[in-house]
**Student:** 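I am attaching a structure below and will ask some questions about it afterwards.
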2 protein chains.
Amino acid sequence: METIHLKDFYQRGDQVFLPHVSVDCVIFGFHENQLKVLLLKWKGGQWCLPGGFVKHEESVDDSAVRTLEERTGLDHIYLRQFYTFGHPNREKGKKIPDARSWVNKRFISIGYYALVEFSKVNPQPDILSTECRWWDINKVPALIYDHKEIIKKALESLRMDLNDHPVGYNLLQEKFTMPELQRLYETILDESLDRRNFQKRMLALEIFERLKERRTGGAHKAPYLYRFDKKKYERALKQGLKQGW
Amino acid sequence: METIHLKDFYQRGDQVFLPHVSVDCVIFGFHENQLKVLLLKWKGGQWCLPGGFVKHEESVDDSAVRTLEERTGLDHIYLRQFYTFGHPNREKGKKIPDARSWVNKRFISIGYYALVEFSKVNPQPDILSTECRWWDINKVPALIYDHKEIIKKALESLRMDLNDHPVGYNLLQEKFTMPELQRLYETILDESLDRRNFQKRMLALEIFERLKERRTGGAHKAPYLYRFDKKKYERALKQGLKQGW
DNA sequence: GCAAAAGTGTTCTTCTTACACCCATGG
DNA sequence: CCATGGGTGTAAGAAGAACACTTTTGC
């Protein structure tokens with residue numbers, strides 16, 4: 001992350017970044033059987049999505065990648081553009097210290113969602129914020145602008161993508177159990193699934209490898225551990241999965 | 001359509017439009033059993049997608065609607081945002097008469113596709129072009145920038161949307177036959193479908209009304225005419241159709 | 001009367017859903 | 001020893017694919 005002074009950013013940021021264009025990232029994680037989103041607390045006290053601006057010679061995708069890296073410390077993240085928000089009143093209530101700043105102008109924001117492994121993330125605030133932390137998807141606080149709507153649309157897109165993209169690889173730790181994978185799907189879809197049918201369906205995708213180990217330590221019968229078979233997983237990502245759900 | 005002079009547009013267009021942001025529209029029509037796209041011929045002789053810019057106080061959606069109206073003469077068009085193209089080299093080979101013009105800068109383009117009733121369209125060139133006409137989707141000429149890729153992605157999105165949106169209403173004339181609807185689906189999907197299964201599936205959607213008339217005049221047995229049942233169609237649009245394909 | 005397209009219904013197969021029994025573990 | 005969660009298989013139902021015969025029309 002480059003160091004940039006706030007005053008510089010407001011006054012001369014447009015020498016580095018395109019005006020009127022921003023990127024917002026809905027970063028999903030999964031922890032303790034809950035779907036989480038990473039949010040930032042503005043200096044004003046309100047919460048918002050991590051976002052950024054597009055450098056003059058930078059691709060929009062790269063700008064999203066950069067934001068992701070800066071907020072999470074991770075690279076090679078699963079990232080997907082899902083919608084562009086372009087209503088002129090989307091930033092209602094906008095207040096920037098310097099009224100003449102380029103940042104004070106209208107912004108069209110390109111929405112990306114990311115899937116990250118919760119335990120690997122080291123949340124980092126940006127220069128405009130004081131705090132960066134996970135929120136339960138069902139307990140998101142009031143957000144600035146249209147950010148609530150952006151999250152809603154991100155979640156809808158994620159649900160759609162679940163149809164033909166194996167999604168656990170990005171959200172779970174390397175080794176995981178079927179019940180864990182099922183919780184993940186149930187959380188994203190917000191519905192409960194039949195244990196036996198779920199397992200059958202998942203295994204039918206043929207992208208998993210069952211290990212001989214089991215997850216011990218918990219109460220009750222120890223479940224098997226699985227991991228993604230990298231080769232088959234990659235192939236599935238390219239071809240799209242067989243239809244389902 | 002407002003009259004605007006070309007020189008003004010290049011020199012002072014940024015007083016009206018946002019810099020760095022454009023809209024590209026892939027306008028689909030259906031005629032003589034072929035899927036068509038509406039293209040413009042630039043004054044330089046190359047072909048491109050109809051597009052436009054976003055006014056300072058205008059929503060991006062409205063900007064697309066305006067472009068659509070200007071090129072086709074139609075309003076209330078089925079329109080869908082499908083992707084935003086933001087690579088810095090997407091406009092390779094760009095040549096604008098005035099090198100200092102705002103238009104000469106990099107643009108991020110928000111892609112929309114539209115479905116229109118071919119026979120109702122009155123193609124109109126814009127101020128930058130000399131010709132506006134339909135091209136068969138399989139015979140699209142060389143296009144500027146990344147416009148070929150934009151069409152490709154639009155078509156992919158349309159194919160996806162076919163899963164849960166009844167699409168004929170926007171592309172066919174008011175009254176149509178099942179075989180015609182089938183040609184439309186086959187053209188979009190680029191695969192042939194079984195006549196009997198197709199009809200069953202369509203009728204199972206329960207959004208059609210079969211008329212007593214038949215389409216006479218052609219050779220062979222006269223097929224029935226159908227039209228969309230407006231109420232049921234609207235409901236289906238909102239709820240999404242039952243899964244299929 | 002023949003070729004070509006359209007109307008219609010049935011069977012087979014596949015996928016989806018529903019559901020029951022036994023096993024392991026911690027308390 | 002019992003409550004709870006996990007492993008597995010089977011049967012019924014729904015959805016999709018495959019397919020054949022009859023009718024209409026222009027030539």
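Quick note on labels: first sequence line is chain A, next is B, and so on, each numbered from 1.
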**Student:** Do any pairs count as a salt bridge (charged side-chain N to carboxylate O under 4.0 Å, His left out) and have a residue in residues 167-179 of chain B, sequence neighbours left out, and if so which ones?
**Tutor:**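 Listed by first then second residue: Glu174(B)-Arg227(B), Lys175(B)-Glu213(B).
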**Student:** Apply salt bridge (Lys or Arg N to Asp or Glu O under 4.0 Å) to Glu69(B) and list each qualifying residue two or more places apart in sequence or on a separate chain.
**Tutor:** none
**Student:** Give every donor-acceptor pair under 3.5 Å between a side-chain atom in residues 148-157 of chain A and any protein atom, sequence neighbours left out.
**Tutor:**
| unit_1 | atom_1 | unit_2 | atom_2 | d |
| --- | --- | --- | --- | --- |
| Lys148(A) | NZ | Val140(A) | O | 3.3 |
| Lys148(A) | NZ | Pro141(A) | O | 3.1 |
| Ser157(A) | OG | Lys153(A) | O | 2.9 |

**Student:** Base, backbone or nothing for each nucleotide of nucleotides 1-9 of chain D, written B, S, -, heavy atoms under 4.0 angstrom, 5' to 3'?
**Tutor:** ---BBBBBB
**Student:** If the plane angle is over 60° it's perpendicular, under 30° parallel, otherwise tilted; pick one for Tyr78(B) and Tyr113(B).
**Tutor:**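 Taking Tyr113(B) first and then Tyr78(B), their aromatic rings sit tilted (interplane angle of 30° to 60°).
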**Student:** With sequence neighbours left out, what residues match Arg196(A) under side-chain hydrogen bond (donor to acceptor under 3.5 Å, both in side chains)?
**Tutor:**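 Arg196(A) satisfies side-chain hydrogen bond (donor to acceptor under 3.5 Å, both in side chains) with Asp194(A) only.
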**Student:** How long is the line joining CD of Gln182(B) and P of dG7(C), in whole Å?
**Tutor:** 10 Å
**Student:** Once side chain to side chain contact (heavy atoms under 4.5 Å, CB included) is applied, do any residues pair with Thr130(A), and if so which ones, sequence neighbours excluded?
**Tutor:**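 Lys41(A), Lys43(A).
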**Student:** Rounding to an integer number of Å, can you tell me how far Glu191(B) CD sits from dA17(D) P?
**Tutor:**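 Roughly 9 Å, once rounded to whole Å.
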**Student:** Rounding to 10°, can you tell me the angle the first-five-pair axis of the helix from dG1(C)-dC27(D) to dG27(C)-dC1(D) makes with its last-five-pair axis?
**Tutor:**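 Comparing the first five pairs with the last five, the axes sit 0° apart.
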**Student:** Provide, to the nearest angstrom, the distance between the NZ atom belonging to Lys212(B) and the P atom belonging to dG7(C).
**Tutor:** 17 Å
**Student:** Can you list everything that forms a salt bridge (Lys or Arg N to Asp or Glu O under 4.0 Å) with Asp146(B)? Sequence neighbours excluded, please.
**Tutor:** Arg90(B)
**Student:** In residues 214-222 of chain A, what donor-acceptor pairs under 3.5 Å come from side-chain atoms, sequence neighbours left out?
**Tutor:**
| unit_1 | atom_1 | unit_2 | atom_2 | d |
| --- | --- | --- | --- | --- |
| Arg214(A) | NH1 | Ala222(A) | O | 2.8 |
| Arg214(A) | NH2 | Tyr224(A) | OH | 2.8 |
| Arg215(A) | NE | Glu180(A) | OE2 | 3.0 |
| Arg215(A) | NH2 | Glu180(A) | OE1 | 3.0 |
| Arg215(A) | NH2 | Glu180(A) | OE2 | 3.0 |

**Student:** Whole Å only: how far is the CZ atom of Arg201(A) from the C1' atom of dT14(C)?
**Tutor:** 13 Å
